Amino acid sequence: MRLRFAPSPTGYLHIGNARTALFNYLLAKKHRGKFILRIEDTDIARSEKEFEKGIIEDLRWLGIDWDEGPEKGGDFGPYRQSERLKTYREFAERLLKQDKAYYCYCSKGELEQRNKELLARGESPRYDNRCRNLTKNQGIEYKLEGRRPVIRFKIPERMIEINDLIRGKVSFDTRLMGDFIIMKSDGTPTFNFAVVVDDILMRITTVIRGEDHLSNTPRHIMLFEALKAKIPEFAHMAMTLGPDGSRLSKRHGATSVREYRRLGMLPEAFFNYLALLGWGTKESQELFTKEELIKEFSLERCKEGAAIFDIEKLTWMNGLYIRKKEPEELVRLSLPYLKEKGLGGEEDYLRKIIVLERERIKKLSEVPELIEYFLVEKIKFDPEAVEKVLKRPEVKEILTSLKQELENLSDFSAGSLEKTIRNWTKNKDLKTKDVFHPLRVAITGRTVGPGLFETMEVLGKERVLKRLKGAERKC
RNA sequence: GGGGCGUUGGUCCAGCGGUUAAGACAGCGGGCUUUCAAUCCGCCAACAGGAGUUCAACUCUCCUACGCCCCGCCA
């Protein structure tokens with residue numbers, strides 16, 4: 001079994017494409033087949049090396065690897081379409097010789113004009129095959145005019161039935177289609193031609209791709225047949241949509257894997273979430289390791305309807321994976337985000353902080369904001385907290401008195417702190433929340449956070465006392 | 001304009017002729033906590049509409065509506 005993922009490097013790895021790559025990858029692994037990466041960079045104007053690099057990086061980040069591909073190599077390369085132009089020309093030549101394709105001299109402008117007219121008349125916009133039977137002289141004449149021809153494929157008139165692995169039998173009537181272009185006038189192949197030539201040469205057995213290609217599949221099948229090649233199996237997976245049900249685009253926010261990566265999504269979480277989009281098990285299991293997914297995945301269980309990408313659920317799942325991470329690992333992962341905000345600290349200290357804050361982290365990008373008060377000399381005070389908690393009349397005295405109490409405390413562990421402060425509160429005949437709340441605001445600047453005593457322990461005696469002193473001035 | 005594919009709560013997804021239509025996210029309420037979070041408990045909420053077929057239809061057929069895709073010298 002040989003499968004492939006064939007992105008165009010015209011942008012970073014899109015979520016929808018990532019999902020296509022994932023499904024291909026899962027099935028290839030499940031059947032111990034080969035997974036091939038092919039770069040479809042025939043659109044010279046829009047393709048960029050930078051995007052190719054980015055896509056490869058993001059796939060690796062996601063934990064998807066391949067057996068054959070650019071750089072990596074393989075027996076059926078090259079794996080970049082821009083390096084296979086000669087092959088496409090040879091195949092086109094073959095079709096031309098067999099009278100299965102022909103030169104078409106119609107200009108873009110003429111084509112556009114005719115389609116417009118057809119549409120205005122309420123007819124279907126499609127090529128009228130007028131260059132099919134051009135005489136030699138007409139061809140020469142056109143060339144003399146300076147026209148650069150394209151090569152079109154001569155469509156045989158018939159019904160084509162696809163047995164799609166996800167949606168079953170689908171049929172098309174080719175009489176409703178016009179002869180389509182296989183080679184552009186600049187000598188490069190069109191997508192529809194290049195995929196077929198490559199899939200033949202790369203011995204692809206199963207094509208899993210987006211539903212947007214379902215309508216192109218009859219064209220591909222005609223080409224496979226014209227080239228006397230074995231037709232692979234097809235599986236067209238439903239689209240990934242934005243929150244409003246329209247095609248996922250920039251206006252919906254982040255659409256590329258790279259953006260989610262920057263936000264601090266974990267690859268394991270992203271991988272897991274993506275697998276659940278358009279696929280599910282009987283048991284409605286939600287959490288899967290990569291190995292489990294490889295074992296469980298099947299095309300029969302793929303949904304036919306489109307799915308909306310839900311950032312909320314992804315975020316929830318990411319939090320779940322974050323909570324499962326070892327503190328050391330989490331510190332390591334958070335470092336770039338801290339650095340970006342100019343924050344840092346001793347590894348040991350950071351680890352203790354992360355242990356306290358871990359269950360509050362949903363995305364790595366939130367870490368700096370979440371733990372900032374542990375790392376800076378001068379903490380920021382939440383104005384509302386100051387107003388509502390610190391400004392209360394009795395607070396100043398409580399803090400001053402408590403500070404004295406803590407100055408004499410040698411064991412600054414959470415347990416000891418809790419015992420001491422609770423006793424102190426009791427002796428002063430105060431309610432715990434009237435002490436705990438101001439204390440929290442005084443040492444963290446906020447009203448929310450991890451356990452108070454754990455926080456104090458991690459901060460350490462010196463910082464706590466200093467902050468209490470600082471807070472008195474805010475009362 | 002033609003063709004293709006699809007439609008279960010706000011979202012993901014289970015169900016494959018007979019179920020109180022399950023689970024998850026989100027939302028709401030509650031327990032636990034000094035607070036938030038985590039966690040636990042509970043609640044809200046769906047078969048797009050209409051005709052058939054059938055003793056019985058979310059499940060099968062047809063029509064309609066809506067959405068997405070293709071009809072590009074984009075992929």
Side-chain angles (χ1 to χ4, degrees), chain A residues 6-8 10 40-43 45-47 104 106-108 111-112 115 118-127 148-152 162 164 166-167 170-173 176-178 180-186 188-192 194-195 210-219 236 238-239 241 243 245-247 273 276-287 301 303-317 319 323 357-362 370 385 389 418 421-422 425 431-441 444 446-453:
Chain A
S8 289
T10 53
E40 307 216 325
D41 55 353
T42 51
D43 185 350
R46 292 199 301 148
S47 293
C104 164
C106 299
S107 74
K108 262 181 175 170
L111 256 16
E112 204 178 311
N115 276 164
L118 282 169
L119 220 39
R121 261 185 284 147
E123 284 175 56
S124 291
R126 62 157 174 252
Y127 182 60
R148 312 284 323 149
V150 298
I151 301 174
R152 284 186 189 266
I162 301 165
D164 193 277
I166 292 175
R167 42 201 87 227
V170 183
S171 46
F172 295 89
D173 186 348
L176 270 20
M177 304 174 194
F180 59 94
I181 298 174
I182 57 174
M183 292 296 278
K184 305 175 203 168
S185 57
D186 66 0
T188 62
T190 57
F191 158 79
N192 282 325
V195 246
E211 194 191 351
D212 48 342
H213 286 122
L214 185 55
S215 305
N216 282 140
T217 307
R219 284 176 252 275
H236 288 92
M239 302 271 90
L241 271 22
S246 70
R247 195 184 192 139
Y273 176 74
L276 255 32
L277 227 49
W279 176 84
T281 61
K282 230 184 179 85
E283 298 77 21
S284 289
Q285 184 180 340
E286 305 251 74
L287 267 23
R301 292 204 63 85
K303 255 197 56 162
E304 289 145 320
I308 289 172
F309 184 80
D310 184 8
I311 299 167
E312 296 267 10
K313 188 152 183 177
L314 200 215
T315 305
W316 161 76
M317 191 170 273
R323 270 170 258 140
E357 217 58 80
R358 183 167 49 176
E359 63 211 31
R360 256 160 294 262
I361 308 170
K362 291 247 193 293
L370 229 37
V389 181
E418 177 155 15
I421 296 172
R422 280 195 192 276
T425 306
K431 275 191 276 188
T432 52
K433 69 174 203 177
D434 290 331
V435 177
F436 293 6
H437 281 294
L439 186 50
R440 175 184 295 283
V441 176
T444 69
R446 10 183 132 172
T447 55
V448 299
L452 182 55
F453 308 109

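Proteins get letters first, then strands, A, B, ... in listed order; numbering begins at 1 in each. Remember, it's a predicted structure, so these values are computed and weren't measured experimentally.
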Task: Separation between CZ of A/R219 and CZ of A/F180, rounded to the nearest 0.5 Å - done: 6.5 Å

TODO: Return the value, rounded to whole Å, for the distance between atom CD1 of A/I308 and atom C1' of B/U7.
DONE: 11 Å

Task: Separation of atom CG in A/L241 from atom P in B/G10, rounded to whole Å - done: 17 Å

Open item on the list: Does A/G449 reach a base, just sugar-phosphate, or nothing at all? Heavy atoms under 4.0 Å.
Closed with: base

- [ ] Pick base, sugar-phosphate or nothing for A/R440, based on heavy-atom distances below 4.0 Å to the nucleic acid.
- [x] base

Task: Nearest-Å distance once atom P is located in both B/G10 and B/U19 - done: 23 Å

TODO: Using whole Å, report how far CD1 of A/I311 lies from C1' of B/C12.
DONE: 14 Å

Task: Whole-Å gap separating P (B/C13) and CH2 (A/W279) - done: 12 Å

Open item on the list: Heavy atoms only, 4.0 Å cut-off, all strands: where does A/P450 land among base, sugar-phosphate and nothing?
Closed with: base

Open item on the list: Between B/U64 and B/G4, how far apart are the two P atoms, rounded to whole Å?
Closed with: 12 Å

Task: Gap in Å between the two C1' atoms, one belonging to B/C13 and one to B/C47, rounded - done: 14 Å

- [ ] Could you check whether A/L276 gets within reach of a base, just the sugar-phosphate, or nothing at all, counting any heavy atom under 4.0 Å?
- [x] sugar-phosphate

Open item on the list: For the aromatic rings, using the six-membered ring if either is Trp, is the centroid distance between A/F436 and A/F453 under 6.0 Å?
Closed with: yes

Task: Interatomic distance at P, B/A46 relative to B/C12, whole Å - done: 16 Å

TODO: Would you mind reporting whether A/H236 and A/H213 have side-chain heavy atoms less than 4.5 Å apart?
DONE: yes

- [ ] Can you run through RNA chain B from 5' to 3' and write each base as (, ), [, ], | or . depending on how it pairs? Watson-Crick or G-U wobble, both distances under 3.5 Å.
- [x] (((((((..(((.....[....))).(((((.......)))))....(((((..]....))))))))))))....

TODO: For nucleotides B/G31 and B/G23, find the distance between their C1' atoms and express it as a whole number of Å.
DONE: 23 Å

Open item on the list: Output one letter per nucleotide in nucleotides 15-26 of chain B: B when a protein non-hydrogen atom lies under 4.0 Å from the base, S when only the sugar-phosphate is that close, - when neither is.
Closed with: S------B-BSS

Task: Heavy-atom side-chain proximity of A/I166 to A/E211 below 4.5 angstrom - done: no

Task: Note, A/R126 side chain near A/L176 side chain (heavy atom, < 4.5 Å) - done: yes

Task: Check: A/D186/A/T188 side-chain N/O donor and acceptor closer than 3.5 Å - done: yes

Task: Separation of atom CG in A/L370 from atom P in B/A38, rounded to whole Å - done: 12 Å

TODO: Scan nucleotides 69-75 of chain B nucleotide by nucleotide, 5' to 3', and note B when protein non-hydrogen atoms come under 4.0 Å of the base, S if they reach only the sugar-phosphate, - if neither.
DONE: BSSSBBB

- [ ] Using a 4.5 Å cut-off on heavy atoms from C-beta on, say whether the side chain of A/Y273 contacts that of A/D310.
- [x] yes

Task: Atom-pair distance (CD on A/E418; C1' on B/U34), nearest Å - done: 9 Å

- [ ] Pick the C1' atom in B/A38 and in B/A75, then give their distance to the nearest Å.
- [x] 45 Å

Task: Heavy-atom check, side chain of A/I181 versus side chain of A/Y127, under 4.5 Å - done: no

Open item on the list: Reading RNA chain B from 5' onward, which residue's closest nucleotide shows up sooner: A/V170 or A/E357?
Closed with: A/V170

TODO: Count the heavy atoms of every other residue, nucleotide or ligand shown that sit under 6.0 Å from CZ of A/R323, and state whether that count exceeds 12.
DONE: yes

TODO: Provide the distance between the two C1' atoms, one in B/G67 and one in B/C28, to the nearest whole Å.
DONE: 30 Å

Open item on the list: For a quick check of understanding: with a heavy-atom distance under 4.0 Å over all strands, which category does A/G319 fall into, base, sugar-phosphate or nothing?
Closed with: nothing

Open item on the list: Walk me through whether A/I421 and A/L439 qualify under side chain to side chain contact (heavy atoms under 4.5 Å, CB included).
Closed with: CA-CA 10 Å; A/I421 296 172; A/L439 186 50; 3.9 Å; yes

Task: Heavy atoms of other groups near A/E112 CD, more than 12 under 6.0 Å - done: no

- [ ] Whole angstrom is fine here: how far is it from CZ in A/R446 over to P in B/C36?
- [x] 15 Å

TODO: Pick the P atom in B/G17 and in B/U61, then give their distance to the nearest Å.
DONE: 12 Å

Task: Test side chain to side chain contact (heavy atoms under 4.5 Å, CB included) applied to A/V195 and A/E40, step by step - done: CA-CA 8 Å; A/V195 246; A/E40 307 216 325; 3.7 Å; yes

Open item on the list: Rounded to whole Å, how long is the line connecting atom CZ of A/R121 with atom P of B/G2?
Closed with: 15 Å

Open item on the list: So which atom in A/A385 and which in A/T447 form the shortest heavy-atom distance, rounded to 0.1 Å?
Closed with: CB-CG2, 3.6 Å

